[in-house]
Structures are given as structure tokens and as C-alpha cells.
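Worksheet: one structure, shown below.
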Amino acid sequence: MRHTRVQIDEVKNEIIDNNNINYIIDNFVMICNYNSNLHILSYQYLSSYDTKYIYALIIISFFSGIVELINFNAQLSIYITLLVGINNLVLGIVFNRYKELKLSATAQTHYQYYNSFEKLKLRINMNNDIQNSNAFLYKNIHSFIKQINDEITMLFTIRPNFPSKILNEYQINKPDITINNRNQVMYNRKKSMLFSI
């Protein structure tokens, strides 16, 4: 009877352990989904912003050039030449600001991190499916979980910041803080529209 009880306890521990492993793996998949979605949204937003910036610079430069050309041929006014010169100075300042923002490079970095999280998610799902077969390359499921955890930690450490527009649009990390008195602060975090975790 005692031998049977020990076996039942071992089975219970094994079931709890497997449930914890499934819970951890499900959380890994959720983290990958969440971050890959944020990175692709950031990529799309920054790419669109970059394109608008470039088109605005091209259009303003084009019209400035046409006005300068017409004034050069027709000799309409010296003030037009002055305005075109001021416009070109402003264009130079705006272009320098555009270069400082590095929109295209940052957008590309977000796309790379989107790919990284998607690949990691595929690896997690694949290894979860084959963990009980000979195709499973890791020593055991615990070593696999440790490696995935390390990879996610590394991605979190070096990933680029998300644009505040994306965080605000999907209400991510947007606290609602109210002060009741000098000693008590009420802190309620709004639910994200992107995911409900």
C-alpha cells in the first residue's frame, strides 16, 4: 500500500511538472507573439514616417527650384530670391533632422527583431512538438527552456525602443495614476488593446 502511495505521489509530481513546463512554453510563445507584433507595427509606422519625410523634402525642394528658375528667367523680384534662399536653409535644417532620426535604419532593425521573435516562436513550437521523440536535440526539456529563456533575455536587452506613438495607440504601459492623499498613490494599468494578458 505504501509503495502504491509513493507511485501516486510521483505521478502527481510529474503531472504538475509537465503542467508547469506547458505553462512556461505557452508563456514563451505569448512573449514572442507580443513582441513580434510590436516590432512589425513599429517597422510599418517608421517606414511610413520615413516615406512621408522623404516625399515632403522632395516636393518642397522641387517647388523651391521651380520658383527660383522662374524668378531667374523673369527677374520678378529680389525678394523671391531671398525667400528661396531662406527656404533652402530651412530645407537643410529639416534634412539634417531627418538624418539624425535614422528612421530607415531603425525601421529595418525593428523588422529584424520581428523576424527574430518569429523564428524563436517557430523553434519553440517545433521543439515542444518533438520533445518526446529522438529528433529532440536537447539533453532534456529543462535545458531547452533555459536556452530559450536566455535567448529571450538577450533579445530584450538589445532590442530597439518602440515608438511612443505605437505604445500610446495600443495603450501599452500607459498608467492611470491618481493621488488620493500625500501618502497614498492609486496605480491602475490600462489594458493593452493589442493583447489582453
Side-chain angles (χ1 to χ4, degrees), residues 28-125 148 150-179 187-197:
F28 282 158
V29 171
M30 182 184 68
I31 287 168
C32 289
N33 273 332
Y34 187 77
N35 282 280
S36 67
N37 283 332
L38 278 177
H39 282 294
I40 197 66
L41 287 169
S42 299
Y43 164 74
Q44 290 167 349
Y45 167 72
L46 290 171
S47 294
S48 170
Y49 192 40
D50 181 60
T51 304
K52 287 174 186 172
Y53 229 118
I54 289 171
Y55 283 155
L57 285 169
I58 289 170
I59 289 168
I60 293 169
S61 298
F62 177 73
F63 282 120
S64 177
I66 286 180
V67 169
E68 189 175 4
L69 187 64
I70 290 171
N71 187 47
F72 178 76
N73 288 332
Q75 296 292 324
L76 298 174
S77 172
I78 195 163
Y79 294 112
I80 292 177
T81 306
L82 182 65
L83 286 173
V84 167
I86 292 170
N87 183 53
N88 287 341
L89 285 173
V90 170
L91 271 173
I93 292 167
V94 171
F95 183 72
N96 281 337
R97 176 67 181 145
Y98 167 73
K99 281 173 57 178
E100 287 172 8
L101 288 173
K102 298 178 181 175
L103 295 171
S104 181
T106 308
Q108 196 58 41
T109 305
H110 278 289
Y111 190 75
Q112 289 168 357
Y113 276 85
Y114 159 74
N115 278 334
S116 296
F117 278 107
E118 285 294 308
K119 287 175 186 173
L120 191 58
K121 182 176 68 174
L122 284 172
R123 244 180 68 217
I124 292 166
N125 286 327
I148 295 297
D150 291 344
E151 287 183 36
I152 289 175
T153 303
M154 184 59 69
L155 286 172
F156 269 58
T157 304
I158 58 177
R159 73 179 178 184
N161 293 330
F162 298 113
S164 57
K165 169 96 174 166
I166 296 296
L167 297 176
N168 290 336
E169 185 176 341
Y170 292 96
Q171 297 181 4
I172 297 166
N173 297 333
K174 200 170 180 187
D176 180 19
I177 300 173
T178 54
I179 300 176
Y187 180 84
N188 296 318
R189 193 173 290 280
K190 291 183 181 178
K191 277 191 177 179
S192 167
M193 292 169 60
L194 188 65
F195 287 106
S196 180
I197 299 176

What's the spacing between [X] [atom1] and [Y] [atom2] if we round to 0.5 Å?
X	Y	atom1	atom2	value
K102	T109	NZ	OG1	10.5 Å
E151	C32	CD	SG	9.5 Å
I86	S64	CD1	OG	11.0 Å
I80	N87	CD1	CG	12.5 Å
T157	D150	OG1	CG	10.0 Å
I152	M154	CD1	CE	12.5 Å

Do you know the tightest heavy-atom contact between [X] and [Y]?
X	Y	result
I166	Y45	CD1-CB, 3.8 Å
F162	S42	CD2-OG, 3.4 Å
F28	I124	CB-CD1, 3.6 Å

| request: Check whether any side-chain heavy atom of L120 lies under 4.5 Å from a side-chain heavy atom of R123, and answer yes or no. | output: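 Counting from C-beta outward, L120 and R123 do come under 4.5 Å.
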| request: Would you indicate whether the side-chain heavy atoms of R159 and N35 approach each other to under 4.5 Å? | output: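 The answer is yes, as the side chains (C-beta and beyond) meet within the 4.5 Å cut-off.
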| request: Test H39 against every option in Q112, E118, H110 by the side chain to side chain donor-acceptor pair (under 3.5 Å) rule and name the one that passes. | output: H110
| For atom CG of N96, is the number of surrounding heavy atoms from other residues, nucleotides or ligands below 6.0 Å larger than 12? |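 For N96, atom CG is crowded (more than 12 foreign heavy atoms under 6.0 Å).
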| task | Give a yes or no on this: more than 12 heavy atoms of other residues, nucleotides or ligands lie within 6.0 Å of atom OH of Y111. | result | no
| query | Would a distance-only check, ignoring hydrogens and angles, find a side-chain to backbone donor-acceptor pair under 3.5 Å from N37 to N33? | reply | yes
| Is it true that a side-chain atom of Y114 and a backbone atom of L41 form a donor plus acceptor pair closer than 3.5 Å? |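 Not a single qualifying donor-acceptor pair exists.
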| F117 vs F156 aromatic rings, parallel, tilted or perpendicular, using cut-offs 30° and 60°? |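 If you compare the ring of F117 with that of F156, the planes turn out perpendicular.
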| request: State yes or no: are the ring centers of Y53 and Y49 separated by less than 6.0 Å? | output: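 Yes, the ring centres sit under 6.0 Å apart.
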